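Take a look at the structure below.
Hydrogens, waters and symmetry mates are skipped; everything else that's a heavy atom, side chains included, is used. The structure presented is a predicted model; accordingly, all values stated were derived computationally and were not measured.
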Amino acid sequence: MTDVSTPDSDGTTPKGPVLFVYDGSALAALAIEHAGRELASDRDALVLCVWQPADVGFEPVNKRRFDADAASEVRQAAEETAAYGASLARSAGFRAEGLAVEAAPTWKGIIHTAEEHHVSLIVLGAHRHTGLVGHLLGSVAAAVVSHAVCCVLVVHADS
């Protein structure tokens with residue numbers, strides 16, 4: 001991965017990687033596909049799956065079953081989900097690797113990862129939760145937008 005703080009040999013500072021937030025949903029896959037059309041190809045990318053024991057927060061690929069209370073099983077499923085998301089990003093033209101991180105709330109894990117890896121752009125889908133449940137749960141996308149120090153691309157289902 002290219003580090004944003006390390007200059008290239010020509011003295012210019014390289015852009016940091018793109019950070020894709022991937023939860024295994026069709027919307028997260030759409031966000032990767034959309035970014036592949038909108039961004040320059042052949043960029044470094046991280047595909048992040050944030051996980052939590054018990055309240056998992058992602059959809060495992062391949063309909064994998066696991067015990068949500070068993071942290072090692074959740075971590076493994078999150079790593080598989082991130083790896084699958086990375087394969088989608090590679091298909092969309094990125095040099096991508098998967099990364100699974102345990103964090104609660106989810107948005108804090110995203111922001112911490114973005115800062116740690118000096119990303120230049122965060123890409124995520126907005127699930128548009130509505131009603132009382134949506135209000136009580138809050139919006140990961142809204143929290144990421146309000147706390148990120150880099151640019152954020154929010155992709156909606158109708159994009």
Rounded distance [0.5 Å steps], [atom1] in [X] versus [atom2] in [Y]:
| X | Y | atom1 | atom2 | value |
| --- | --- | --- | --- | --- |
| L27 | I32 | CG | CD1 | 10.5 Å |
| F20 | L124 | CZ | CG | 11.0 Å |
| C49 | E102 | SG | CD | 12.0 Å |
| K108 | T113 | NZ | OG1 | 13.5 Å |
| H34 | R37 | NE2 | CZ | 6.0 Å |
| L39 | L153 | CG | CG | 7.0 Å |

task = Apply side chain to side chain donor-acceptor pair (under 3.5 Å) to S146 and list each qualifying residue two or more places apart in sequence or on a separate chain.
result = none

Polar side-chain atom of R43 near backbone of F94 as donor-acceptor pair, under 3.5 Å = no

Minimum-distance pair of heavy atoms, taken over all atoms of [X] and [Y]:
| X | Y | answer |
| --- | --- | --- |
| I122 | V144 | CD1-CG1, 4.0 Å |
| W51 | V74 | CE3-CG1, 3.3 Å |
| A157 | L30 | O-CD2, 3.7 Å |
| R90 | A96 | NH1-O, 2.7 Å |
| A86 | G98 | CB-N, 3.6 Å |
| V154 | A126 | CG1-CB, 3.5 Å |

message = Under the criterion side chain to side chain contact (heavy atoms under 4.5 Å, CB included), I'd like the reasoning laid out for V47 against E97: C-alpha separation, chi angles, the key distance, then a yes or no.
response = CA-CA 6 Å; V47 179; E97 61 184 69; over 6 Å; no

ask   = Between V123, L99, L48, L88, which is the residue that forms a side-chain contact (heavy atoms from CB on, under 4.5 Å) with Y22?
value = L88

inquiry  = Can you list everything that forms a side chain to side chain contact (heavy atoms under 4.5 Å, CB included) with H147? Sequence neighbours excluded, please.
reply    = W107, I111, A143

query = Can you tell me if S91 and E33 form a side-chain donor-acceptor pair at under 3.5 Å?
reply = no

